[in-house]
There are 2 protein chains.
Amino acid sequence: MAEQQESSTEARAPWTRTQLLRAAIDLADRRGIESLSMRKLSQELGGGTMSLYNHVSNKDDLLDGMIDEVFSEIEMPAHERSWQVAMRGRAMSMRAAMTRHPWAIGLMESRRTPGPATLRHHDAVIGCLLDAGFPLSVTAHAFAALDSYIYGFALQERSLAFGTPEETAKLAQAFVVQFPAKEYPHLARLTIEHVLQPGYDYADEYEIGLNLILDGLAKLVPQR
Amino acid sequence: MAEQQESSTEARAPWTRTQLLRAAIDLADRRGIESLSMRKLSQELGGGTMSLYNHVSNKDDLLDGMIDEVFSEIEMPAHERSWQVAMRGRAMSMRAAMTRHPWAIGLMESRRTPGPATLRHHDAVIGCLLDAGFPLSVTAHAFAALDSYIYGFALQERSLAFGTPEETAKLAQAFVVQFPAKEYPHLARLTIEHVLQPGYDYADEYEIGLNLILDGLAKLVPQR
DNA sequence: ACCTGAACACCGTTCAAGT
DNA sequence: ACCTGAACACCGTTCAAGT
(Lines give C-alpha, C1' and ligand atoms only; values in the text may rest on other atoms or scores of the structure.)
Protein backbone atom coordinates (compact mmCIF):
# COMPACT_ATOMS: atom_id res chain seq x y z
CA MET A 1 0.00 0.00 0.00
CA ALA A 2 3.01 2.26 0.30
CA GLU A 3 4.72 4.22 -2.50
CA GLN A 4 1.62 4.73 -4.65
CA GLN A 5 3.11 7.34 -6.99
CA GLU A 6 2.44 5.10 -10.00
CA SER A 7 1.21 5.92 -13.48
CA SER A 8 -2.46 5.89 -12.36
CA THR A 9 -1.89 8.65 -9.81
CA GLU A 10 0.13 11.04 -11.96
CA ALA A 11 -0.37 14.77 -11.42
CA ARG A 12 -3.67 16.12 -12.78
CA ALA A 13 -3.65 17.71 -16.23
CA PRO A 14 -2.75 21.43 -16.12
CA TRP A 15 -5.70 23.77 -16.34
CA THR A 16 -6.55 26.08 -19.22
CA ARG A 17 -7.81 29.58 -18.59
CA THR A 18 -10.92 28.82 -20.63
CA GLN A 19 -11.48 25.57 -18.74
CA LEU A 20 -11.26 27.46 -15.51
CA LEU A 21 -13.66 30.18 -16.72
CA ARG A 22 -16.21 27.61 -17.91
CA ALA A 23 -16.02 25.82 -14.55
CA ALA A 24 -16.56 29.13 -12.74
CA ILE A 25 -19.55 29.96 -14.97
CA ASP A 26 -20.98 26.52 -14.37
CA LEU A 27 -20.60 26.93 -10.60
CA ALA A 28 -22.25 30.36 -10.69
CA ASP A 29 -25.09 29.02 -12.86
CA ARG A 30 -25.72 26.12 -10.50
CA ARG A 31 -25.17 27.64 -7.09
CA GLY A 32 -25.32 31.41 -7.58
CA ILE A 33 -22.59 33.99 -7.79
CA GLU A 34 -22.43 34.42 -4.02
CA SER A 35 -21.12 30.89 -3.64
CA LEU A 36 -18.40 31.28 -6.23
CA SER A 37 -15.21 31.53 -4.21
CA MET A 38 -11.65 30.81 -5.22
CA ARG A 39 -11.60 28.01 -2.67
CA LYS A 40 -14.79 26.34 -3.89
CA LEU A 41 -13.79 26.72 -7.53
CA SER A 42 -10.44 25.03 -6.96
CA GLN A 43 -12.20 22.26 -5.04
CA GLU A 44 -14.60 21.79 -7.97
CA LEU A 45 -11.64 21.48 -10.32
CA GLY A 46 -9.68 19.24 -7.97
CA GLY A 47 -6.59 21.30 -7.24
CA GLY A 48 -5.05 23.72 -4.81
CA THR A 49 -6.66 27.12 -4.41
CA MET A 50 -3.52 28.99 -5.27
CA SER A 51 -3.14 27.11 -8.54
CA LEU A 52 -5.97 29.26 -9.87
CA TYR A 53 -3.64 32.22 -9.68
CA ASN A 54 -1.49 30.72 -12.39
CA HIS A 55 -4.30 31.35 -14.89
CA VAL A 56 -6.09 34.33 -13.46
CA SER A 57 -4.45 37.27 -11.74
CA ASN A 58 -7.15 37.67 -9.08
CA LYS A 59 -10.88 37.30 -8.52
CA ASP A 60 -11.72 40.44 -10.49
CA ASP A 61 -9.81 39.06 -13.45
CA LEU A 62 -11.77 35.82 -13.07
CA LEU A 63 -15.06 37.76 -13.20
CA ASP A 64 -13.90 39.79 -16.22
CA GLY A 65 -13.05 36.56 -17.98
CA MET A 66 -16.41 34.99 -17.12
CA ILE A 67 -18.29 38.00 -18.50
CA ASP A 68 -16.29 37.93 -21.72
CA GLU A 69 -17.17 34.27 -22.08
CA VAL A 70 -20.86 35.13 -21.73
CA PHE A 71 -20.49 37.81 -24.41
CA SER A 72 -18.97 35.23 -26.72
CA GLU A 73 -22.26 33.28 -26.46
CA ILE A 74 -24.32 36.19 -27.78
CA GLU A 75 -25.30 36.33 -31.44
CA MET A 76 -23.70 39.09 -33.42
CA PRO A 77 -26.27 41.25 -35.26
CA ALA A 78 -26.96 39.63 -38.61
CA HIS A 79 -25.73 41.70 -41.53
CA GLU A 80 -27.97 40.64 -44.36
CA ARG A 81 -31.29 41.85 -42.97
CA SER A 82 -32.79 45.18 -41.95
CA TRP A 83 -31.28 46.88 -38.92
CA GLN A 84 -34.56 46.46 -37.04
CA VAL A 85 -34.46 42.69 -37.46
CA ALA A 86 -30.77 42.57 -36.60
CA MET A 87 -31.23 44.68 -33.46
CA ARG A 88 -34.26 42.70 -32.35
CA GLY A 89 -32.31 39.47 -32.84
CA ARG A 90 -29.39 40.73 -30.83
CA ALA A 91 -31.67 41.92 -28.05
CA MET A 92 -33.32 38.50 -27.89
CA SER A 93 -29.99 36.69 -27.90
CA MET A 94 -28.78 38.97 -25.13
CA ARG A 95 -31.82 38.22 -23.04
CA ALA A 96 -31.39 34.48 -23.60
CA ALA A 97 -27.77 34.66 -22.43
CA MET A 98 -28.79 36.56 -19.31
CA THR A 99 -31.51 34.02 -18.61
CA ARG A 100 -28.93 31.23 -18.83
CA HIS A 101 -26.54 33.20 -16.58
CA PRO A 102 -28.61 35.38 -14.24
CA TRP A 103 -25.56 36.15 -12.08
CA ALA A 104 -24.08 38.01 -15.07
CA ILE A 105 -26.89 40.54 -15.30
CA GLY A 106 -25.52 43.09 -12.86
CA LEU A 107 -21.98 42.53 -14.09
CA MET A 108 -21.99 42.65 -17.91
CA GLU A 109 -22.47 46.39 -18.03
CA SER A 110 -20.67 47.42 -14.88
CA ARG A 111 -17.24 45.90 -15.28
CA ARG A 112 -14.65 48.33 -16.55
CA THR A 113 -12.24 46.10 -18.43
CA PRO A 114 -14.08 44.72 -21.46
CA GLY A 115 -12.56 41.61 -23.02
CA PRO A 116 -12.12 40.91 -26.74
CA ALA A 117 -15.51 39.18 -27.19
CA THR A 118 -17.22 42.13 -25.53
CA LEU A 119 -15.47 44.61 -27.79
CA ARG A 120 -16.14 42.52 -30.90
CA HIS A 121 -19.81 42.41 -29.98
CA HIS A 122 -20.10 46.15 -29.47
CA ASP A 123 -18.14 46.80 -32.64
CA ALA A 124 -20.57 44.63 -34.62
CA VAL A 125 -23.60 46.43 -33.20
CA ILE A 126 -22.21 49.83 -34.09
CA GLY A 127 -21.15 48.55 -37.50
CA CYS A 128 -24.65 47.26 -38.22
CA LEU A 129 -26.21 50.64 -37.45
CA LEU A 130 -23.64 52.59 -39.46
CA ASP A 131 -24.11 50.25 -42.42
CA ALA A 132 -27.86 50.86 -42.22
CA GLY A 133 -27.23 54.54 -42.81
CA PHE A 134 -27.42 55.82 -39.26
CA PRO A 135 -25.59 59.11 -38.77
CA LEU A 136 -22.88 58.85 -36.10
CA SER A 137 -24.86 60.77 -33.50
CA VAL A 138 -27.97 58.64 -34.01
CA THR A 139 -25.82 55.52 -33.73
CA ALA A 140 -24.68 56.78 -30.35
CA HIS A 141 -28.29 57.44 -29.32
CA ALA A 142 -29.36 53.98 -30.47
CA PHE A 143 -26.51 52.27 -28.69
CA ALA A 144 -27.14 54.05 -25.40
CA ALA A 145 -30.91 53.64 -25.48
CA LEU A 146 -30.97 49.99 -26.54
CA ASP A 147 -28.30 48.78 -24.16
CA SER A 148 -29.79 50.69 -21.24
CA TYR A 149 -33.15 49.13 -21.92
CA ILE A 150 -31.84 45.60 -22.47
CA TYR A 151 -29.76 45.51 -19.30
CA GLY A 152 -32.34 47.34 -17.23
CA PHE A 153 -35.12 45.02 -18.26
CA ALA A 154 -33.11 41.94 -17.34
CA LEU A 155 -32.26 43.44 -13.96
CA GLN A 156 -35.87 44.29 -13.25
CA GLU A 157 -37.15 40.95 -14.43
CA ARG A 158 -34.74 39.12 -12.17
CA SER A 159 -35.78 41.12 -9.14
CA LEU A 160 -39.46 40.65 -9.88
CA ALA A 161 -38.68 36.94 -9.86
CA PHE A 162 -41.21 36.42 -12.59
CA GLY A 163 -40.17 32.92 -13.49
CA THR A 164 -43.30 31.41 -14.92
CA PRO A 165 -46.70 33.09 -15.11
CA GLU A 166 -47.82 30.72 -12.33
CA GLU A 167 -45.05 31.94 -10.04
CA THR A 168 -45.99 35.49 -10.89
CA ALA A 169 -49.56 34.87 -9.84
CA LYS A 170 -48.43 33.33 -6.56
CA LEU A 171 -46.13 36.25 -5.80
CA ALA A 172 -48.68 38.85 -6.77
CA GLN A 173 -51.26 37.21 -4.60
CA ALA A 174 -48.85 37.23 -1.65
CA PHE A 175 -48.26 40.90 -2.32
CA VAL A 176 -51.94 41.75 -2.31
CA VAL A 177 -52.44 39.94 0.98
CA GLN A 178 -49.45 41.61 2.58
CA PHE A 179 -50.22 45.16 1.45
CA PRO A 180 -53.84 46.19 1.74
CA ALA A 181 -55.23 48.24 -1.12
CA LYS A 182 -55.63 51.20 1.22
CA GLU A 183 -51.93 51.88 1.50
CA TYR A 184 -50.92 51.33 -2.11
CA PRO A 185 -54.16 51.61 -4.05
CA HIS A 186 -52.73 51.92 -7.56
CA LEU A 187 -50.17 49.18 -7.09
CA ALA A 188 -52.96 46.97 -5.77
CA ARG A 189 -55.22 47.81 -8.70
CA LEU A 190 -52.54 47.07 -11.28
CA THR A 191 -51.74 43.80 -9.54
CA ILE A 192 -55.31 42.57 -9.16
CA GLU A 193 -56.86 43.83 -12.37
CA HIS A 194 -53.90 43.26 -14.68
CA VAL A 195 -51.04 41.11 -13.36
CA LEU A 196 -53.34 38.52 -11.79
CA GLN A 197 -55.47 38.19 -14.92
CA PRO A 198 -55.09 34.94 -16.86
CA GLY A 199 -52.60 35.11 -19.71
CA TYR A 200 -50.45 37.81 -18.18
CA ASP A 201 -46.72 37.25 -18.65
CA TYR A 202 -44.20 39.91 -17.72
CA ALA A 203 -41.79 38.59 -20.35
CA ASP A 204 -44.17 39.94 -23.03
CA GLU A 205 -43.28 43.46 -21.92
CA TYR A 206 -39.77 43.01 -23.30
CA GLU A 207 -40.65 43.24 -26.97
CA ILE A 208 -43.20 45.99 -26.39
CA GLY A 209 -40.63 48.34 -24.88
CA LEU A 210 -38.06 47.27 -27.43
CA ASN A 211 -40.40 48.16 -30.29
CA LEU A 212 -41.09 51.52 -28.70
CA ILE A 213 -37.38 52.32 -28.90
CA LEU A 214 -36.83 50.80 -32.35
CA ASP A 215 -39.79 52.71 -33.79
CA GLY A 216 -38.52 55.92 -32.26
CA LEU A 217 -35.07 55.36 -33.72
CA ALA A 218 -36.49 54.64 -37.18
CA LYS A 219 -37.75 58.20 -37.35
CA LEU A 220 -34.23 59.54 -36.79
CA VAL A 221 -32.80 57.68 -39.78
CA PRO A 222 -32.83 58.89 -43.39
CA GLN A 223 -35.02 56.49 -45.38
CA ARG A 224 -33.43 54.35 -48.03
CA MET B 1 -7.32 58.34 37.32
CA ALA B 2 -9.17 55.24 38.50
CA GLU B 3 -12.95 54.79 38.63
CA GLN B 4 -13.77 57.04 35.68
CA GLN B 5 -17.41 55.94 35.31
CA GLU B 6 -18.57 59.53 35.84
CA SER B 7 -21.21 61.61 34.08
CA SER B 8 -18.85 62.57 31.24
CA THR B 9 -18.20 58.94 30.25
CA GLU B 10 -21.76 57.60 30.40
CA ALA B 11 -22.75 54.91 27.90
CA ARG B 12 -23.21 56.21 24.35
CA ALA B 13 -26.71 57.13 23.26
CA PRO B 14 -28.62 54.15 21.85
CA TRP B 15 -28.74 53.99 18.08
CA THR B 16 -31.79 54.50 15.92
CA ARG B 17 -32.37 52.30 12.88
CA THR B 18 -32.50 55.42 10.69
CA GLN B 19 -29.30 56.77 12.23
CA LEU B 20 -27.61 53.50 11.48
CA LEU B 21 -28.92 53.43 7.89
CA ARG B 22 -27.78 57.01 7.25
CA ALA B 23 -24.31 56.18 8.62
CA ALA B 24 -24.14 53.13 6.36
CA ILE B 25 -25.20 55.21 3.34
CA ASP B 26 -22.61 57.82 4.22
CA LEU B 27 -19.90 55.19 4.49
CA ALA B 28 -20.90 53.65 1.14
CA ASP B 29 -20.99 57.10 -0.50
CA ARG B 30 -17.53 57.97 0.80
CA ARG B 31 -15.64 54.71 0.54
CA GLY B 32 -17.69 52.53 -1.80
CA ILE B 33 -20.04 49.64 -1.10
CA GLU B 34 -17.22 47.09 -1.02
CA SER B 35 -15.82 48.68 2.11
CA LEU B 36 -19.11 48.70 3.95
CA SER B 37 -18.77 45.92 6.50
CA MET B 38 -20.61 45.41 9.77
CA ARG B 39 -17.31 45.82 11.57
CA LYS B 40 -16.36 49.10 9.88
CA LEU B 41 -19.85 50.49 10.28
CA SER B 42 -19.90 49.81 14.02
CA GLN B 43 -16.45 51.35 14.31
CA GLU B 44 -17.70 54.46 12.48
CA LEU B 45 -20.58 54.71 14.93
CA GLY B 46 -18.42 53.96 17.96
CA GLY B 47 -19.91 50.76 19.32
CA GLY B 48 -19.56 47.00 19.26
CA THR B 49 -20.16 45.21 15.99
CA MET B 50 -22.88 43.03 17.43
CA SER B 51 -24.83 46.05 18.65
CA LEU B 52 -25.81 46.63 15.02
CA TYR B 53 -27.87 43.45 15.18
CA ASN B 54 -30.21 45.10 17.68
CA HIS B 55 -31.46 47.38 14.90
CA VAL B 56 -30.96 45.32 11.79
CA SER B 57 -31.48 41.60 11.50
CA ASN B 58 -28.50 40.97 9.21
CA LYS B 59 -26.49 42.58 6.43
CA ASP B 60 -29.19 41.97 3.82
CA ASP B 61 -31.68 43.77 6.02
CA LEU B 62 -29.18 46.63 6.32
CA LEU B 63 -28.93 46.87 2.53
CA ASP B 64 -32.72 46.73 2.13
CA GLY B 65 -33.02 49.57 4.62
CA MET B 66 -30.38 51.64 2.84
CA ILE B 67 -32.14 51.23 -0.50
CA ASP B 68 -35.47 52.26 0.98
CA GLU B 69 -33.79 55.36 2.40
CA VAL B 70 -32.52 56.22 -1.07
CA PHE B 71 -36.04 55.81 -2.48
CA SER B 72 -37.32 58.22 0.14
CA GLU B 73 -35.00 60.85 -1.37
CA ILE B 74 -36.60 60.58 -4.81
CA GLU B 75 -39.25 63.06 -5.88
CA MET B 76 -42.73 61.62 -6.30
CA PRO B 77 -44.23 62.38 -9.73
CA ALA B 78 -45.94 65.74 -9.53
CA HIS B 79 -49.71 65.49 -9.88
CA GLU B 80 -50.69 68.86 -11.24
CA ARG B 81 -48.86 68.70 -14.53
CA SER B 82 -48.95 66.55 -17.66
CA TRP B 83 -47.81 62.97 -17.28
CA GLN B 84 -44.88 63.64 -19.60
CA VAL B 85 -43.58 66.39 -17.33
CA ALA B 86 -44.20 64.30 -14.23
CA MET B 87 -42.42 61.24 -15.65
CA ARG B 88 -39.51 63.31 -16.89
CA GLY B 89 -39.20 64.90 -13.46
CA ARG B 90 -39.22 61.57 -11.71
CA ALA B 91 -36.63 60.17 -14.12
CA MET B 92 -34.37 63.14 -13.45
CA SER B 93 -34.79 62.86 -9.70
CA MET B 94 -34.03 59.16 -9.89
CA ARG B 95 -30.87 59.81 -11.82
CA ALA B 96 -29.82 62.48 -9.33
CA ALA B 97 -30.28 60.05 -6.44
CA MET B 98 -28.24 57.40 -8.21
CA THR B 99 -25.50 59.94 -8.90
CA ARG B 100 -25.40 60.79 -5.20
CA HIS B 101 -25.35 57.09 -4.30
CA PRO B 102 -23.63 55.17 -7.11
CA TRP B 103 -23.39 52.04 -4.96
CA ALA B 104 -27.22 51.84 -5.01
CA ILE B 105 -27.46 51.51 -8.80
CA GLY B 106 -27.16 47.76 -9.03
CA LEU B 107 -29.24 47.26 -5.90
CA MET B 108 -32.37 49.42 -6.19
CA GLU B 109 -33.99 47.17 -8.73
CA SER B 110 -32.54 43.83 -7.74
CA ARG B 111 -33.48 43.53 -4.07
CA ARG B 112 -36.57 41.48 -3.46
CA THR B 113 -38.00 42.99 -0.31
CA PRO B 114 -39.16 46.52 -1.16
CA GLY B 115 -39.58 48.85 1.80
CA PRO B 116 -42.44 51.31 2.38
CA ALA B 117 -40.76 54.26 0.63
CA THR B 118 -40.11 52.05 -2.41
CA LEU B 119 -43.72 50.90 -2.55
CA ARG B 120 -45.03 54.44 -2.04
CA HIS B 121 -42.86 55.62 -4.88
CA HIS B 122 -44.02 52.94 -7.29
CA ASP B 123 -47.63 53.46 -6.24
CA ALA B 124 -47.34 57.17 -7.03
CA VAL B 125 -45.86 56.48 -10.47
CA ILE B 126 -48.64 54.07 -11.37
CA GLY B 127 -51.24 56.48 -9.95
CA CYS B 128 -49.91 59.32 -12.07
CA LEU B 129 -50.23 57.28 -15.26
CA LEU B 130 -53.70 55.99 -14.43
CA ASP B 131 -54.88 59.51 -13.60
CA ALA B 132 -53.58 60.66 -16.97
CA GLY B 133 -55.96 58.23 -18.62
CA PHE B 134 -53.57 55.36 -19.35
CA PRO B 135 -55.34 52.02 -19.76
CA LEU B 136 -54.07 49.44 -17.27
CA SER B 137 -52.08 47.51 -19.86
CA VAL B 138 -50.37 50.64 -21.17
CA THR B 139 -49.57 51.62 -17.59
CA ALA B 140 -47.80 48.29 -17.22
CA HIS B 141 -45.90 48.86 -20.49
CA ALA B 142 -44.90 52.35 -19.40
CA PHE B 143 -43.75 51.20 -16.01
CA ALA B 144 -41.65 48.35 -17.37
CA ALA B 145 -40.11 50.37 -20.19
CA LEU B 146 -39.32 53.50 -18.18
CA ASP B 147 -37.83 51.71 -15.18
CA SER B 148 -35.78 49.40 -17.35
CA TYR B 149 -34.36 52.37 -19.21
CA ILE B 150 -33.71 54.49 -16.12
CA TYR B 151 -31.87 51.77 -14.20
CA GLY B 152 -30.05 50.48 -17.25
CA PHE B 153 -28.80 53.91 -18.23
CA ALA B 154 -27.43 54.54 -14.75
CA LEU B 155 -25.68 51.19 -14.76
CA GLN B 156 -24.11 51.83 -18.14
CA GLU B 157 -23.10 55.35 -17.29
CA ARG B 158 -21.35 54.20 -14.15
CA SER B 159 -19.40 51.53 -15.99
CA LEU B 160 -18.39 53.90 -18.74
CA ALA B 161 -16.99 56.06 -15.95
CA PHE B 162 -18.05 59.14 -17.83
CA GLY B 163 -17.58 61.58 -15.00
CA THR B 164 -16.91 64.84 -16.74
CA PRO B 165 -16.54 65.35 -20.47
CA GLU B 166 -12.81 65.82 -19.84
CA GLU B 167 -12.55 62.42 -18.20
CA THR B 168 -14.48 60.93 -21.09
CA ALA B 169 -12.00 62.35 -23.56
CA LYS B 170 -9.09 60.97 -21.57
CA LEU B 171 -10.63 57.50 -21.38
CA ALA B 172 -11.62 57.47 -25.02
CA GLN B 173 -8.13 58.48 -26.04
CA ALA B 174 -6.66 55.68 -23.94
CA PHE B 175 -9.07 53.31 -25.64
CA VAL B 176 -8.06 54.39 -29.10
CA VAL B 177 -4.38 53.93 -28.27
CA GLN B 178 -4.98 50.51 -26.75
CA PHE B 179 -7.17 49.11 -29.52
CA PRO B 180 -6.04 49.87 -33.05
CA ALA B 181 -8.77 50.77 -35.50
CA LYS B 182 -8.06 47.58 -37.42
CA GLU B 183 -9.54 45.29 -34.80
CA TYR B 184 -12.61 47.31 -33.86
CA PRO B 185 -13.08 49.73 -36.75
CA HIS B 186 -16.62 50.91 -35.95
CA LEU B 187 -15.96 51.34 -32.25
CA ALA B 188 -12.84 53.32 -33.16
CA ARG B 189 -14.75 55.48 -35.63
CA LEU B 190 -17.52 56.28 -33.15
CA THR B 191 -14.94 57.11 -30.51
CA ILE B 192 -12.75 59.32 -32.66
CA GLU B 193 -15.33 61.06 -34.84
CA HIS B 194 -18.05 61.45 -32.22
CA VAL B 195 -17.10 60.85 -28.58
CA LEU B 196 -13.80 62.71 -28.84
CA GLN B 197 -15.39 65.72 -30.56
CA PRO B 198 -15.63 68.88 -28.46
CA GLY B 199 -18.95 69.33 -26.68
CA TYR B 200 -19.74 65.63 -26.43
CA ASP B 201 -21.29 64.62 -23.11
CA TYR B 202 -22.67 61.14 -22.58
CA ALA B 203 -25.11 62.49 -19.99
CA ASP B 204 -26.99 64.18 -22.85
CA GLU B 205 -28.01 60.76 -24.11
CA TYR B 206 -30.24 60.28 -21.08
CA GLU B 207 -32.98 62.68 -22.11
CA ILE B 208 -32.80 61.63 -25.75
CA GLY B 209 -33.60 58.00 -24.95
CA LEU B 210 -36.15 59.05 -22.38
CA ASN B 211 -37.98 61.17 -24.95
CA LEU B 212 -37.96 58.26 -27.38
CA ILE B 213 -39.87 56.17 -24.85
CA LEU B 214 -42.18 58.97 -23.70
CA ASP B 215 -43.11 59.84 -27.30
CA GLY B 216 -43.78 56.20 -28.06
CA LEU B 217 -46.01 55.88 -25.01
CA ALA B 218 -47.96 59.02 -25.91
CA LYS B 219 -49.21 57.27 -29.02
CA LEU B 220 -50.69 54.47 -26.93
CA VAL B 221 -52.82 56.81 -24.83
CA PRO B 222 -56.28 58.10 -25.77
CA GLN B 223 -56.02 61.87 -26.24
CA ARG B 224 -57.84 64.14 -23.78
C1' DA C 1 -34.58 46.07 26.07
C1' DC C 2 -30.15 46.96 24.63
C1' DC C 3 -25.29 46.06 24.46
C1' DT C 4 -20.99 43.35 23.78
C1' DG C 5 -16.47 40.17 23.34
C1' DA C 6 -15.09 35.67 22.07
C1' DA C 7 -15.42 32.27 18.86
C1' DC C 8 -16.64 29.92 14.42
C1' DA C 9 -16.71 29.20 9.70
C1' DC C 10 -15.77 31.40 6.07
C1' DC C 11 -13.20 34.90 2.52
C1' DG C 12 -9.03 36.70 -1.07
C1' DT C 13 -4.34 36.89 -1.41
C1' DT C 14 1.02 37.02 -0.09
C1' DC C 15 4.77 34.33 0.57
C1' DA C 16 7.96 30.85 0.47
C1' DA C 17 8.66 26.47 -1.09
C1' DG C 18 8.31 22.73 -4.06
C1' DT C 19 8.51 20.18 -9.20
C1' DA D 1 6.53 27.23 -16.07
C1' DC D 2 3.32 25.45 -13.10
C1' DC D 3 1.74 23.94 -8.62
C1' DT D 4 0.81 24.27 -3.58
C1' DG D 5 0.21 24.68 1.91
C1' DA D 6 0.67 27.84 5.58
C1' DA D 7 -0.29 32.17 7.12
C1' DC D 8 -2.41 36.89 7.25
C1' DA D 9 -5.88 40.14 7.36
C1' DC D 10 -10.14 40.32 6.67
C1' DC D 11 -15.56 38.84 6.52
C1' DG D 12 -20.84 37.83 8.69
C1' DT D 13 -22.96 35.79 12.35
C1' DT D 14 -23.94 32.56 16.70
C1' DC D 15 -23.57 32.32 21.36
C1' DA D 16 -23.28 33.32 25.96
C1' DA D 17 -22.88 36.88 29.01
C1' DG D 18 -23.50 41.30 30.74
C1' DT D 19 -26.60 45.94 32.13
Side-chain angles (χ1 to χ4, degrees), chain A residues 3-25 27-28 30-67 103 106-107 110-113, chain B residues 3-25 27-28 30-67 103 106-107 110-113:
Chain A
E3 247 111 328
Q4 283 213 328
Q5 310 304 88
E6 298 155 11
S7 59
S8 67
T9 51
E10 78 275 6
R12 58 172 183 70
W15 297 331
T16 311
R17 184 176 217 259
T18 311
Q19 228 170 66
L20 195 152
L21 295 177
R22 294 310 319 185
I25 289 172
L27 190 58
R30 273 168 21 233
R31 302 222 210 294
I33 191 77
E34 74 285 349
S35 55
L36 170 69
S37 72
M38 300 302 264
R39 286 161 141 105
K40 281 183 196 148
L41 178 57
S42 67
Q43 219 165 355
E44 201 84 2
L45 286 157
T49 302
M50 293 316 299
S51 305
L52 296 172
Y53 288 79
N54 290 308
H55 303 93
V56 126
S57 59
N58 51 38
K59 199 182 179 182
D60 262 355
D61 187 36
L62 174 70
L63 286 170
D64 282 336
M66 291 167 71
I67 294 298
W103 53 267
L107 265 37
S110 66
R111 308 246 97 208
R112 275 165 196 184
T113 19
Chain B
E3 246 108 332
Q4 282 213 327
Q5 309 305 88
E6 299 155 9
S7 58
S8 64
T9 51
E10 77 274 6
R12 48 162 256 273
W15 296 332
T16 311
R17 183 176 219 259
T18 312
Q19 229 169 65
L20 195 151
L21 295 177
R22 294 311 316 187
I25 288 171
L27 190 58
R30 273 167 22 230
R31 304 222 209 293
I33 192 75
E34 73 285 349
S35 55
L36 170 69
S37 73
M38 299 303 263
R39 286 161 141 104
K40 281 184 197 148
L41 178 57
S42 67
Q43 219 165 358
E44 200 85 2
L45 285 157
T49 302
M50 293 316 298
S51 305
L52 296 172
Y53 288 79
N54 291 308
H55 302 93
V56 128
S57 59
N58 51 38
K59 198 181 179 182
D60 261 355
D61 186 36
L62 174 71
L63 287 170
D64 283 336
M66 289 166 72
I67 294 298
W103 51 269
L107 267 37
S110 65
R111 307 247 98 208
R112 275 165 196 183
T113 19

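Throughout, protein chains are lettered first and strands after them, A, B, ... in sequence-line order, and every chain is numbered starting at 1. Keep in mind that this is a model prediction, so the values were computed, not measured.
- The two atoms that bring B:Gly48 and B:Ser42 nearest to each other are O-CB, 3.6 Å, heavy atoms only.
- No more than 12 heavy-atom neighbours from other residues, nucleotides or ligands sit within 6.0 angstrom of CZ on B:Arg31.
- Counting to the nearest Å, the P atom of D:dT4 and the CG atom of A:Asn54 are 9 Å from each other.
- The line from NE2 of A:His55 to CG of A:Leu62 is 12.5 Å long, rounded to the nearest 0.5 Å.
- OP1 or OP2 of D:dT4 lies within a sub-4.0 Å distance of a side-chain N or O belonging to A:Ser51.
- With sequence neighbours left out, the side chain to side chain contact (heavy atoms under 4.5 Å, CB included) criterion links A:Asn54 to A:Ser51.
- The distance from atom CD of B:Gln43 to atom P of C:dT4 is 13 Å, rounded to the nearest whole Å.
- The side-chain heavy atoms of A:Asn58 and A:Met38, taken from C-beta on, include no pair separated by under 4.5 Å.
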Reading nucleotides 11-17 of chain D from 5' to 3' and marking B where a protein heavy atom lies under 4.0 Å of the base, S where only the sugar-phosphate is that close, and - otherwise, the string is BBBB---
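- Atom CE in A:Met66 sits 10.0 Å away from atom CG in A:Leu20 (nearest 0.5 Å).
- Secondary-structure stems of DNA chain C, taken as three or more successive Watson-Crick or G-U wobble pairs (i with j, i+1 with j-1) under a 3.5 Å distance threshold, comprise C:4-8 with D:12-16, C:12-16 with D:4-8.
- Closest of all the heavy-atom pairs between A:Ser35 and A:Lys40 is O-CD, 3.4 Å.
- When the options B:Leu107, B:Thr113, B:Leu21 are evaluated for a side-chain contact (heavy atoms from CB on, under 4.5 Å) with B:Leu63, the one that passes is B:Leu107.
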